[in-house]
Amino acid sequence: MRWLVLLYLVLELWLLIKVGAAIGPLMTVALLVASAFLGVFFIRHQALGVLFDPERLMRENNPEQILLDAPLLALGGLLLILPGFISDAVGLLLLLPWMRRRVAHRWAGRVVPVGRQQGMRDGVIEGEYTVVHRADDDRHLPPQ
């Protein structure tokens, strides 16, 4: 595993040197800084926005896909923040919806749903619930 990390670092450095020689060091640094800003944008506005917007989860037809998109968007943003063109390329690929669906599909095949572990059948969980209204929130009260 160590040699794989070392190989990755050597390839990133080699590619940085090659790109710097081709387009100039100032332009290379500008590309790296731009990709870092793009990564921060996607982490703040896309990945975290998905997790902290429960109304969006209720509106969507496939909330599982959205919950799988958020960590993949965050990973793509993190890879864009890391300096290097290989990590930027992988990060940009993770920002593409079709690539996220493909990666999420592979992840979903390895994850065992919690309900299945507890013997849940047909996706039905029996239970009781109570609707509680806050006194200062009249959005959920019927009109009078």
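What you see is a predicted model; the values in this text were computed from it and never measured. Note that these values count all heavy atoms, side chains included, but never hydrogens, waters or copies made by symmetry. Sequence positions, counted from 1, serve as the residue numbers for this chain.
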*asked:* Applying side-chain contact (heavy atoms from CB on, under 4.5 Å) to Phe85 and Leu32, what does each step give before you reach the verdict?
replied: CA-CA 8 Å; Phe85 291 112; Leu32 293 175; 4.2 Å; yes

*Side-chain heavy-atom pair Leu79, Leu92 within 4.5 angstrom cut-off*: no

*Above 12 or not: heavy atoms from other molecules or residues under 6.0 Å from CZ of Phe41?*
yes

*Same hydrophobic cluster for Leu31 and Leu38, using side-chain heavy-atom links shorter than 4.5 Å among ILVMFWY?*
no

Indicate every side-chain donor-acceptor pair of residues 94-102 with a distance under 3.5 Å to a residue at least two apart or in another chain.
residue : atom : partner : partner atom : Å
Arg100  : NE   : Asp69   : OD1          : 3.3
Arg100  : NH1  : Leu95   : O            : 2.7

*Do the side chains of Ile23 and Leu16 join up, straight or via other hydrophobic residues, at under 4.5 Å, putting them in one cluster?*
yes

*Following the transitive rule for hydrophobic clusters with a side-chain heavy-atom cut-off under 4.5 Å over Ile, Leu, Val, Met, Phe, Trp and Tyr, establish whether Ile17 and Trp14 coincide in one cluster.*
no

_Polar side-chain atom of Ser35 near backbone of Asp88 as donor-acceptor pair, under 3.5 Å_ = no

*Can you hop from Leu80 to Leu11 via hydrophobic side chains spaced under 4.5 Å?*
no

Which pairs of donor and acceptor atoms, one on a side chain in residues 1-8, lie under 3.5 Å apart (sequence neighbours left out)?
residue : atom : partner : partner atom : Å
Tyr8    : OH   : Glu12   : OE2          : 2.8

_If hydrophobic clusters are built by linking Ile, Leu, Val, Met, Phe, Trp and Tyr wherever their side-chain heavy atoms come under 4.5 Å apart, do Leu75 and Ile86 end up in the same one?_
no

